[in-house]
Amino acid sequence: MGCNFYGYQTNPSGTPTGVESTPGLDSHGTRSVGIIAAATDNARNIAGIAGGRGPATPRVRVLPIVINSESNQKDKWTISIALAVEYAMNQGADVISMSLQIASAPSQFPGGQEGSILIPNRSPSVSANDLLQRALDAGVVLVAASGNAPGAAPDDEPLKDSTQTQTPDLVPSCDDTRWPAVLSGVISVGAVKFNGEAWEGTCGAPDLVAPGGETTVPSLRHHLTTGQTPRPADDFILYGGTSASTPHVAGVAALLLSVKPSLTWQQVRWALTATADPSGCISASSVRCGEGLLDAYAALHYVLEQHGGPEQDVTLTEDLTVPPGDTWDLGAITLRFTNGARLLVQGTLNATGTTFDTGDAEGWGGIRYASGTSGTLDGVTIRNAGNTSEGAFAGVWVQDATVTILGGLIEDGRERASGVRVVGSQSHVTISDETTIQNMPKNGVLATGHGTATVHDARILDNGSSGIAATTNALVYVGSPTAGTRGVMSNRIRVNDSQGILAASNADVVHVGAPVYGRRGYNYVFDNGPGGGIVAQTGAFHNAGSASQYARDNWFEDNGRFSGRYVDGKGPDAIGYHLGTTVQARYDWWGRPTDPDTLAFYGTTKQAHLAVDPMLTGPPAAVSFGDSFGGAPPDPADVGGDSFTDALSLAQRGDGPGAVRLLAGEVARRPGAPDAATALTLAGSLAAGTDRRAQAAALALLRRESRSARADHRAWARRGLIRAYGRAGDTARMTAEAEAMLGDDPDAVSALVASLVLAYGRAETGDAAGAWAAWDAASALITSGAVEDTESVEAASDDLIALVGERTTEARVAAAPAGVAVAEESTGPVGLGAPYPNPAGSGAVTVPFGLGERARVRLAVVDVLGREVAVLADGTWEAGDYAVRLDAGRLAPGAYAVRLTVSGAVVSARVLTVTR
């Protein structure tokens with residue numbers, strides 16, 4: 001229900017009084033409310049700041065009120081505004097947006113005291129200011145335009161100054177904020193231009209500024225203006241002045257209240273002003289910018305972090321981003337994401353007791369930590385994550401970042417999601433303190449593409465593939481202890497559909513049930529699927545190494561369930577597949593006293609190395625999570641039996657060169673034999689470790705054998721070098737070794753490893769077409785049956801989607817994040833040329849620019865709130881003319897600025913309008 005105020009009269013229904021005879025009035029309110037509440041995601045016109053797209057994501061509710069009076073009767077204007085505020089308060093309004101002003105000459109109302117006018121027929125007497133104060137006392141957020149200078153408004157506004165006389169004391173002063181914005185408690189809003197300069201038409205000293213300077217803010221046109229019903233698809237209008245700035249702030253205020261409905265108006269005002277960006281507004285006057293440019297993201301972050309949890313779940317329909325350089329510390333709140341939205345971390349995200357979930361059947365994209373970021377998730381709950389959009393296949397996706405997960409719950413994923421996914425040589429994820437990962441469609445934990453994960457004191461249960469999987473040069477420490485951590489260093493890995501723990505495609509799993517500082521623990525791997533308990537498919541699995549202190553007391557039992565290969569319905573607990581893979585698992589309990597039948601090789605070659613003796617004759621001491629077990633651990637030297645175990649034991653005691661000498665002896669004694677392959681595999685593990693002496697000795701052995709006269713030795717050695725270079729982040733050397741391996745007629749496993757490594761390496765350099773071509777080669781090896789390693793190929797496919805996008809005939813351009821430099825001629829001058837076509841539709845826009853000398857360049861597209869929505873170029877460029885392409889289809893309709901920054905200074909900007 002709306003209400004029309006004309007003079008002292010109210011007309012709660014019917015035609016707005018006086019509108020038809022007043023040019024411009026028919027659209028001013030529509031333009032203002034369009035900025036707040038226009039529907040979103042409908043490919044039409046604009047998206048409102050607090051808009052929605054239907055019942056699932058409802059927009060803010062709007063109470064339309066028209067205010068009008070004779071232009072020379074400012075007392076009636078004032079009274080009408082006050083009555084309108086009172087009416088809106090009584091109707092339950094949470095935010096009142098006032099794109100209006102009362103501007104009086106100093107001789108009429110000195111000091112801007114228009115609000116002192118008394119409301120007629122009220123007893124006791126009440127002023128206009130009193131009615132506004134009552135609204136504030138009721139918790140209503142009042143937002144008002146600070147005012148426009150006489151004649152400065154870039155668009156027709158209904159409440160322009162009407163004084164035509166030249167008598168100085170009758171001309172309103174723009175040095176003062178206009179009423180009602182001048183009233184204490186009302187959030188006063190000024191205007192800023194696209195280039196970041198304060199709009200010269202802003203009056204007084206606003207609290208903050210928002211877009212509105214010049215006629216550049218797109219909004220809706222009233223249908224009376226066009227005479228067309230329904231509204232045409234392209235019916236929008238450019239709008240300006242502080243009237244356009246005010247609804248930006250009111251819309252963000254509504255968003256904050258949707259997150260925390262109990263916020264007071266003081267808290268809303270503080271959140272808006274405290275997070276305003278001072279650098280977003282430049283002015284020669286110290287007051288025209290207020291606290292700075294409105295920053296919706298920063299205000300939302302402030303409310304989430306400072307005001308605890310909402311009384312109701314927060315539902316986010318779009319990606320929520322933690323900006324670079326920011327640190328977010330979330331508490332015990334619930335965030336629900338719909339329509340596949342994700343939580344994108346580009347800074348630091350810490351969360352304690354937070355619940356992340358979805359609000360619809362589609363699921364959500366999970367938490368994604370970008371390169372160089374970090375965070376700690378302590379006691380969080382993550383449910384229903386994962387969908388097929390943009391490779392969103394994990395509850396927590398970590399790309400070259402450092403993340404710790406403590407005591408949380410990740411469960412019930414969608415599509416092909418794993419619980420935690422670790423990608424990239426600079427990634428390290430620690431999962432501990434009784435964290436539970438269960439009921440995920442794929443893996444509980446997946447480390448791939450050179451990533452590293454440490455899993456101890458965790459429950460990995462009932463996942464659709466492996467409990468823990470390591471593929472393509474990844475490294476996983478399972479039960480690896482670290483000083484100062486609490487609890488027993490052990491994991492329970494049960495009822496996973498394929499296998500308990502998998503090492504594939506040149507990956508390393510260090511499997512430890514290690515006592516440390518008087519504590520003893522074990523990994524309990526029980527009742528997993530037909531794949532088995534521990535599986536070395538095309539990687540290495542051992543329970544010793546540079547990151548572990550001692551390895552024993554693991555409990556493997558009843559794995560391989562539902563397998564038809566064995567009479568009792570149980571498969572082997574430990575499996576080695578291909579030549580060059582190894583399983584080192586000694587002093588463990590296998591469910592039956594020293595019964596080797598529970599262990600087996602599997603696969604066509606039957607040449608993997610399997611070392612399980614000596615076995616325990618009974619279960620290890622049963623301890624619960626959090627319990628401790630006294631007693632000193634045995635000496636690692638007691639674990640022996642062959643050169644490989646002896647070598648790993650030496651490395652663990654710090655004698656890396658001695659360990660490598662033993663492995664080199666195996667290579668020399670048994671050239672071409674499975675033991676030589678195992679020796680070089682373990683040398684690769686040492687070369688990729690953290691002990692520098694072991695690294696140096698192992699690298700020397702691998703480099704020597706990479707030049708061997710034997711092709712098989714060259715392949716095995718290069719696999720070790722690839723592992724070492726990949727973990728070190730040396731992409732150039734890693735890909736060079738992979739290319740050399742493929743050119744040397746390698747065995748099928750080596751070819752698979754090299755192809756997948758090339759796919760990741762090319763993706764890191766932006767070569768999407770080359771990355772997918774390498775993936776095709778790896779996939780062909782699986783399809784042909786030459787290698788059994790589907791997990792690695794599927795994992796790489798998901799990673800490539802996230803890194804470079806879906807495969808396409810124009811992969812290099814289409815897969816890039818909204819703008820990649822293209823090799824074509826450009827006639828752009830030195831500086832920034834005009835984007836074309838402009839206005840743009842859903843196709844490509846070409847943005848030309850030129851440089852007179854080599855310089856650091858950043859070319860970005862900025863929205864009306866000053867946020868970068870696309871980065872077209874960022875790096876050092878040589879002198880010359882260039883053109884970059886922008887996919888306008890990824891931008892919502894509206895006005896944008898294309899901004900060129902050279903050597904840290906903004907040198908040019910162009911306006912770009914996107915329509916549909």
Note to self: So which atom in L409 and which in R383 form the shortest heavy-atom distance, rounded to 0.1 Å?
What the structure shows: CD2-NH2, 3.9 Å
Note to self: Is the shortest side-chain heavy-atom distance between V140 and V95 below 4.5 Å?
What the structure shows: no
Note to self: Please give me the minimum heavy-atom distance between V60 and A254, naming the atom from each residue.
What the structure shows: CG2-CB, 4.2 Å
Next item on the list: Please report the C-alpha distance between D137 and Q133 in whole Å, then the side-chain angles of each, then the deciding distance to 0.1 Å, and finally whether the side chain to side chain donor-acceptor pair (under 3.5 Å) criterion is met.
Entry: CA-CA 6 Å; D137 293 343; Q133 186 61 49; 3.0 Å; yes
Check: Hey, are the side chains of L255 and I49 touching, using non-hydrogen atoms and a 4.5 Å cut-off?
Finding: yes
Margin query: For the CG atom of L208 and the OG atom of S245, what is their distance to the nearest 0.5 Å?
Written below: 9.0 Å
Margin query: To the closest 0.5 Å, what do you measure between CD1 (I119) and OG (S127)?
Written below: 7.0 Å
Item checked: Backbone of R342 reached by a side-chain donor or acceptor of D319 within 3.5 Å -> yes
Next item on the list: Report yes if the side chains of W199 and V192 come closer than 4.5 Å at any heavy-atom pair, otherwise no.
Entry: no
Notebook entry, point to check: Do R368 and L343 touch side chain to side chain, with heavy atoms closer than 4.5 Å?
Noted result: no
Note to self: With a 3.5 Å distance limit and no angle check, can you tell me whether S418 reaches the backbone of G444 through a side-chain donor-acceptor pair?
What the structure shows: no
Check: Is any NZ, NE, NH1 or NH2 atom of the basic residue among R459 and E411 found under 4.0 Å from an Asp or Glu carboxylate oxygen of the other?
Finding: no
Note to self: Any side-chain to backbone donor/acceptor pair from R336 onto T358? Under 3.5 Å, distance only.
What the structure shows: yes
Margin query: Could you measure the distance from the CG atom of L335 to the OG1 atom of T354? Nearest 0.5 Å is fine.
Written below: 7.0 Å
Checklist line | salt bridge (charged side-chain N to carboxylate O under 4.0 Å, His left out): pairs with one or both residues in residues 126-135, sequence neighbours excluded | finding: none
Item checked: Non-hydrogen side-chain atoms of T355 and V380 separated by less than 4.5 Å -> no
Next item on the list: Can you measure from CE (M89) to CG (D94) and round to the nearest 0.5 angstrom?
Entry: 13.0 Å
Next item on the list: Could you tell me whether a side-chain N or O of T242 sits under 3.5 Å from a main-chain N or O of A145, the two making a donor and an acceptor?
Entry: no
Notebook entry, point to check: Can you pull the disulfide bond (SG atoms under 2.5 Å apart) pairs that have at least one residue in residues 239-281, sequence neighbours excluded?
Noted result: C281-C289
Check: Which atom pair, heavy atoms only, marks the closest approach of G190 to P206?
Finding: N-CB, 3.3 Å
Next item on the list: Determine whether the side chains of D378 and T376 contain a donor N or O and an acceptor N or O closer than 3.5 Å.
Entry: no
Check: So V345 and T348, side-chain contact (heavy atoms from CB on, under 4.5 Å) or not? Walk me through it.
Finding: CA-CA 7 Å; V345 183; T348 298; 5.9 Å; no
Next item on the list: Just jot down the ring pair (Phe, Tyr, Trp, His ring centres under 6.0 Å) partners of F337, sequence neighbours excluded, or say none.
Entry: W364
Margin query: Quick check: do V322 and Q346 have side-chain heavy atoms less than 4.5 Å from each other?
Written below: no
Next item on the list: Looking only at non-hydrogen atoms, find the nearest pair between L349 and Y369 and report the distance.
Entry: O-OH, 2.9 Å
Next item on the list: Starting from the C-alpha separation in whole Å, work towards a yes-or-no answer on side-chain contact (heavy atoms from CB on, under 4.5 Å) for N148 and C203.
Entry: CA-CA 6 Å; N148 299 334; C203 288; 5.5 Å; no
Check: Between W179 and N129, is any side-chain donor less than 3.5 angstrom from a side-chain acceptor?
Finding: yes
Note to self: Please report the interatomic distance OG1(T321) to CG(L344), rounded to the nearest 0.5 Å.
What the structure shows: 4.5 Å
Next item on the list: Report the distance from atom OG of S283 to atom CD of E197, rounding to the nearest 0.5 Å.
Entry: 9.0 Å
Next item on the list: Take L272 and W270, measure what side-chain contact (heavy atoms from CB on, under 4.5 Å) needs, and give me the verdict at the end.
Entry: CA-CA 5 Å; L272 293 169; W270 180 255; over 6 Å; no
Next item on the list: Taking the side chain as every heavy atom from C-beta outward, state whether R899 and N195 have any pair of such atoms under 4.5 Å apart.
Entry: no
Note to self: Please check: side-chain N/O of T435 versus main-chain N/O of I431, any donor-acceptor pairing under 3.5 Å?
What the structure shows: no
Next item on the list: Please report the closest heavy-atom contact between S99 and S243, naming both atoms and the distance.
Entry: OG-O, 2.8 Å
Item checked: L142 vs I187 side-chain heavy atoms within contact, under 4.5 Å -> no
Note to self: Show the nearest heavy-atom pair for residues R421 and A394, with the distance to one decimal.
What the structure shows: CB-CB, 3.7 Å
Next item on the list: Start with the C-alpha distance between V869 and V862, add both sets of side-chain angles, then the distance that settles side-chain contact (heavy atoms from CB on, under 4.5 Å), and finish with yes or no.
Entry: CA-CA 6 Å; V869 296; V862 182; over 6 Å; no
Note to self: Under a 3.5 Å cutoff, is there a donor and acceptor pairing between the side chains of D412 and N384?
What the structure shows: no
